[in-house]
Undergrad: 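This is the structure I want to talk about, given as structure tokens.
Atoms within a ligand are numbered from 1 in the order they appear, just like the ligands themselves.
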Amino acid sequence: METMEKIQEQLRANGQEQLLQWYGDLTEEQKQHLMEDIAKIDYSVIREAMKPAGAPAGVISQAPVMTRPMILKNQEEYRTKGLAALKRGEVAAVLLAGGQGSRLGFDHPKGCLNVGLTRELYLFQILLANLQDTVNLTGTYMHMYIMTSELNYQETVDFFEEHAYFGYPQSYIHFFVQDMAPSLDHEGRILLERKDHISMTPNGNGGWFSSLRRQGLLEQIKQNGIQWLNVFSVDNVLQRIGDPVFLGAVLSEQALAGAKVIAKVNPEEKVGAICLRDGRPSVVEYSELTEEMRNERDASGAYKYYYGVTLNYLFNVEATEQRAMHRMPVHRANKKIACLNAQGETMLPAEPNGYKLETFIFDILEFFDKVTAFEVEREKEFAPIKNRTGADSLDTARELLRKNRPEWGEL
Ligand code: UTP
């Protein structure tokens, strides 16, 4: 452990002396806790995240998209190819469930949210039912790897236990834990959650592969002969898992990654759009697009940045491993973060008060030469629950669920 003088000097040099503000109030044990937290800080990540946001990095241009008519033409060929790989057990699912769902304001893992009105119908349960659909089609169980954070790991595991894994074989479900990052106030100062503890939040969904590997699961994946990982978010009730047509399309294009995309409702819809950045596959965030770019059309009259990513990707295992040594850019996300007030008491603010530091899954796309952007029908595959009410809420998701799952009856 470094000496106290050294630590103070380092904090001063990085503008983080506030971390010792309550030091005098702490017991010896608490001082030790705080010092352990401080020793783990990577200041370079904070500097990177606090760089002023500017124009989009690189030159943005239109990406090729495999649209619905193109898919329909080759659907049977894709389905056959995809099914064969699924039947051989070459595909596993990776469920990203480490987020905090702060927009929804639900104080449990998001997957424990009950979507039912007259009965229990949890997000995790729905995803397992969607996974089971594929198993019924192929006759082969798919492994599912569930990424949690340190904050929601135990509650997630207990939830699956309590619900007997929703009837799925337990030996095919594996949990892993993602890393945490310190959160900052709007000036870039690290927040304290308690007098002896830095406010740490899950470090975004971009770390899924490195966390999987660090916890020894990549070895297991390879030993099981799994070649493809279908990675997706926890909150889309229409999430299709192990879609054979999607996989077949990626295989036919000889791509090593694929992204499911939807046509935006209009150029103003706030979703990240698939694009090329300096000629490489990428996603341009809504906030990065200028008004002019949002309305830019190609020679055929179509909007250039019109296909939003749905957070459902396919990644070839070996190719991802080869690319995993690249450092992912760190983004800052303006959020409500629990921290100490002026009196030294923990509080949760009503408005965003700082930044969580996150890496994003889509930043890995540019390490691939080619990514199959595969268009899906919004009404059939995209019903995320992000907010309490309004767009992308429980209400909109239920409506789409009723349409797509009539066999489930009353929700
Ligand atoms: P979102 O971007 O919707 O973030 O995550 P969130 O934390 O769930 O919700 P908000 O923004 O605070 O309201 C998209 C997907 O990525 C996962 C989420 O669980 C969700 O499935 N995710 C996000 C992680 O697994 N880890 C993270 O650190 C962040």
Side-chain angles (χ1 to χ4, degrees), residues 45 49 93-113 115 122-124 126-128 130-131 144-153 155-156 159 174-183 199-212 215 229-239 241 259-260 270-272 283 285-287 308-313 315 328-338 348-349 351-364 382-394 396-397:
V45 168
V94 178
L95 163 55
L96 303 173
Q100 291 184 294
S102 55
R103 281 170 286 175
L104 189 65
F106 177 62
D107 208 17
H108 300 281
K110 213 177 191 179
C112 304
L113 182 75
V115 178
Y122 302 101
L123 266 178
F124 281 137
I126 294 172
L127 292 173
L128 265 291
N130 296 354
L131 176 61
M144 179 150 86
Y145 296 86
I146 304 180
M147 181 163 91
T148 66
S149 75
E150 283 173 17
L151 305 176
N152 69 12
Y153 170 80
E155 209 181 333
T156 305
F159 193 78
H174 319 270
F175 298 92
F176 66 106
V177 181
Q178 69 173 101
D179 289 337
M180 306 282 278
S183 31
S199 165
M200 303 284 281
T201 50
N203 68 346
N205 54 27
W208 67 275
F209 191 82
S210 53
S211 300
L212 198 66
Q215 280 157 64
L229 295 174
N230 182 198
V231 190
F232 52 88
S233 60
V234 70
D235 49 24
N236 177 4
V237 295
L238 299 182
Q239 194 75 264
I241 305 167
K260 281 196 167 181
K270 292 186 177 161
V271 290
V283 168
E285 286 192 76
Y286 174 81
S287 55
V309 281
T310 63
L311 223 173
N312 186 321
Y313 298 99
F315 291 106
M328 305 274 282
V330 181
H331 302 264
R332 53 178 199 237
N334 195 20
K335 302 263 174 140
K336 292 182 231 170
I337 302 163
L348 183 66
E351 293 302 319
N353 60 321
Y355 300 123
K356 290 184 184 176
L357 304 189
E358 299 190 344
T359 56
F360 294 158
I361 184 165
F362 59 66
D363 280 321
I364 201 179
F382 193 61
I385 300 174
K386 298 288 181 193
N387 307 303
R388 280 259 136 196
T389 52
D392 296 342
S393 67
L394 260 169
T396 55

Undergrad: Specify whether Y145 and H174 have parallel, tilted or perpendicular ring planes, treating 30° as the upper limit for parallel and 60° as the lower limit for perpendicular.
TA: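 Because their plane-to-plane angle is under 30°, the rings of Y145 and H174 count as parallel.
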Undergrad: Between N130 (side chain only) and V237 (backbone N and O only), is there a donor and an acceptor less than 3.5 Å apart?
TA: yes
Undergrad: Output the list of atoms in ligand 1 that are nearer than 4.0 Å to some heavy atom of L311, sorted by atom number.
TA: 14 (C), 15 (C)
Undergrad: Under the side chain to side chain contact (heavy atoms under 4.5 Å, CB included) rule, what do Q178 and L96 come out as? Steps first, then yes or no, please.
TA: CA-CA 10 Å; Q178 69 173 101; L96 303 173; over 6 Å; no
Undergrad: Is the contact between A97 and ligand 1 made by the side chain, the backbone, both, or neither, using heavy atoms and a 4.0 Å cut-off?
TA: backbone
Undergrad: Counting distance only, does the side-chain N/O of Q239 pair as donor-acceptor with the main-chain N or O of S233 below 3.5 Å?
TA: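 Side chain of Q239 to backbone of S233: a pair is present.
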Undergrad: Do any nitrogen or oxygen atoms of R103 lie less than 3.5 angstrom from nitrogen or oxygen atoms of ligand 1?
TA: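 Yes: some nitrogen or oxygen of R103 is under 3.5 Å from one in ligand 1.
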Undergrad: If you measure every N or O of V234 against every N or O of ligand 1, does any of those distances drop under 3.5 Å?
TA: yes
Undergrad: Could you tell me the residue and atom name of the protein heavy atom closest to atom 16 (O) of ligand 1, and the distance to it rounded to 0.1 Å?
TA: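 Heavy-atom neighbour on the protein nearest atom 16 (O) of ligand 1: N205 ND2, 3.1 Å.
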Undergrad: Taking N or O atoms only and a 3.5 Å limit, does F232 qualify as a polar contact for ligand 1?
TA: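 No, F232 has no N/O under 3.5 Å of an N/O on ligand 1.
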Undergrad: Could an N or O of ligand 1 be found under 3.5 Å from any N or O of G98, whether backbone or side chain?
TA: yes
Undergrad: Walk me through whether H331 and E285 qualify under side chain to side chain contact (heavy atoms under 4.5 Å, CB included).
TA: CA-CA 12 Å; H331 302 264; E285 286 192 76; 4.0 Å; yes
Undergrad: P202 and L151: which non-hydrogen atoms are nearest, and at how many Å?
TA: CD-CD1, 4.1 Å
Undergrad: For I385 versus L104, what's the shortest heavy-atom pair and its separation?
TA: CG2-CD1, 3.9 Å
Undergrad: Tell me the protein heavy atom at minimum distance from atom 5 (O) of ligand 1, and give that distance in Å.
TA: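 The closest one turns out to be K386 NZ, 4.2 Å.
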Undergrad: Does ligand 1 have a heavy atom under 4.0 Å from the side chain of I361, from its backbone, from both, or from neither?
TA: neither
Undergrad: Which protein heavy atom lies closest to atom 8 (O) of ligand 1, and at what distance to 0.1 Å?
TA: G101 N, 3.6 Å
Undergrad: Going by heavy-atom distance to atom 10 (P) of ligand 1, choose the closest among K335, K356, E358.
TA: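 Looking at heavy atoms only, K335 sits closest to atom 10 (P) of ligand 1.
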